[in-house]
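Notes for the one structure printed next.
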Amino acid sequence: MRSRWNYLLAAFILLMVWQAGAWWAGDAILAGPLAVGAKLVSEAQTGRFWLHVGSSTLRVLAALALSFLTAVPLGLFLGSSQRADRIAKPLIYLTYPVPKIVFLPVVLLVFGLGNWGKIVMLSMILFFQLLITTRDAARGVKRGARLSLYSLGGTKWDLFVHVIWPSCLPSVLTALRIATGTVVAVLFFVESIGTRYGMGFYILDAWGRADVPLIFVGIVVLALLGVLLYETFDILERVFCRWNQL
Amino acid sequence: MPASFPELIRCRGVTKTYRTEKGPIHALDRTDLALRGGQTMALVGPSGCGKSTILLLLSGLEKPTAGVVEFKGEPLVRPHREIALVLQDYGLFPWKTVQKNVELGLSIRGGNGSRTAVHELLAELDIADKSDAYPQQLSGGQKQRVALARALVLNPSLLLLDEPFAALDTLTRERLQDQVAAAWRRRRFGAALVTHNIQEAVRLGQMIVVMGKSPGTVLGVIDNPRACTRDYRGSDEFYELSGMVRGHLERSA
């Protein structure tokens, strides 16, 4: 209940600062929250707006799913096997610092200008964040926990189910929360190329028509998408990692 | 009484060497030990003498570099369903409640235990009201009781305790020693306890194995038939035997 009030207070302060900025800069540069709110309500009544929102949401969710399904199992494996980690470590350390976004032209050439190219690009960026966090979390599983599980007669599968996965889950969810910020930022970039649907295109299109309130509608929608994802991972952590919240 | 029980576990000329990046570490060198069913043994000695290594070998979690560990006459090469281990740092899983921690061994081993058995054991160890709590909500003594419950619920023939009460205050430690003794009187399992604490060794070990500084060296084995009996602590015999164990250890130092 208290956190809900804190949320409302933060939103109120943000709106006040925004409104003050709009008064100071003028509506032609910074549309105020009231004008943007009115525009958002009218836009929400058109099917085309929801097509943009749906396209962006679909791409983000698909990229999160693809990176989760590839990076998390690999991270758990590398963190649990010293031998595999020794082999993979130089490769990860050499490729991780390279900004993946520079591969956008190559990715679009290989996977096409459609949804796949964009989803793969987003996934590539999320992949390393998830991989490294998960690997480090799996490496941090203490020897005592392993001995304890094996002394109960557990197999390697039991170790994974009862020890490695639950101990890594909070780190995985934290990585996903951090990744939401990155994925929404990169989404804007990848949707500026080769598409007519998505919030990236929506904002650029509004910019081209000098429709400032519409630009801010796009920004608000992207922000809400980020908040929604962040909150979802927060809820998942509260449900599945209750022990970590004590 | 214990002499009438058959041999439960034996180390025959066991050597254990750990290979590390800094070179080999010799933890045990041709050590011989035996424990009968229903008998309790306390291994006491200075740090680095190999006591914990012996316990890991007896649990089947480690394999000897040379020699053999036999459980009920068969070579022990992996953890056995009749052997349970309690670790110094409790070995509890923070993501599982007390109830789930205690049930885990049963569900893995597919034993005959039930939720009722788990609850009865938690009640026996005075932690029934904590069954829905997570380990981080418990005190050190309560955590160790959960670890003990998790081992006892498996109904083991051999219970291994690796410095189980080292991190606890004196009163809690003595209370837990009494609870282990009471659990032994009820079930008569074989038990091997590793400890630094002389009085703990005397309270719980019917056979006290005093180890020297060299890896796996047994300086002496002291017979202590009154261990685990009621009202033993505080008796003249208890203090005499504590002095004897201390003498052995001081001579080795």
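Lettering of chains follows the sequences in order, A, B, ..., and the numbering in each one begins at 1.
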Which pairs with one or both residues in residues 68-90 of chain A pass ring pair (Phe, Tyr, Trp, His ring centres under 6.0 Å), sequence neighbours excluded?
none
In terms of heavy-atom proximity below 4.5 Å to chain B, should A:Leu149 be classed as side chain, backbone, both, or neither?
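Both the backbone and the side chain of A:Leu149 come within 4.5 Å of chain B.
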Which atoms of A:Leu246 come close to chain B, meaning under 4.5 Å heavy atom to heavy atom: side chain ones, backbone ones, both, or neither?
side chain
Residues that B:Glu70 engages under salt bridge (Lys or Arg N to Asp or Glu O under 4.0 Å), provided they are two or more places apart:
B:Arg12
Please list, chain by chain and in numerical order, all residues satisfying side-chain hydrogen bond (donor to acceptor under 3.5 Å, both in side chains) with B:Thr17, sequence neighbours excluded.
B:His26
For the candidates B:Leu56, B:Leu104, B:Leu85, which exhibits the highest count of non-hydrogen atom pairs separated by less than 4.5 Å from chain A?
B:Leu104
Could you tell me which non-hydrogen atom of A:Val163 sits nearest to which non-hydrogen atom of B:Phe93, and how far apart they are?
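So the two residues come closest at CG2-CE2, 3.5 Å.
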Among the options A:Pro166, A:Gly154, A:Gly153, pick out the one with the most heavy-atom pairs lying under 4.5 Å from chain B.
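Top count of heavy-atom pairs under 4.5 Å with chain B: A:Pro166.
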Show me the donor-acceptor pairs under 3.5 Å between chain B and chain A.
| residue | atom | partner | partner atom | Å |
| --- | --- | --- | --- | --- |
| B:Glu62 | OE2 | A:Arg143 | NH2 | 3.2 |
| B:Gly91 | O | A:Ser148 | OG | 2.6 |
| B:Trp95 | NE1 | A:His162 | O | 2.6 |
| B:Lys96 | NZ | A:His162 | ND1 | 3.1 |
| B:Arg109 | NE | A:Leu152 | O | 2.9 |
| B:Arg109 | NH2 | A:Ser151 | O | 2.7 |
| B:Gln136 | NE2 | A:Trp243 | O | 2.7 |
| B:Arg150 | NH2 | A:Ser148 | OG | 2.6 |

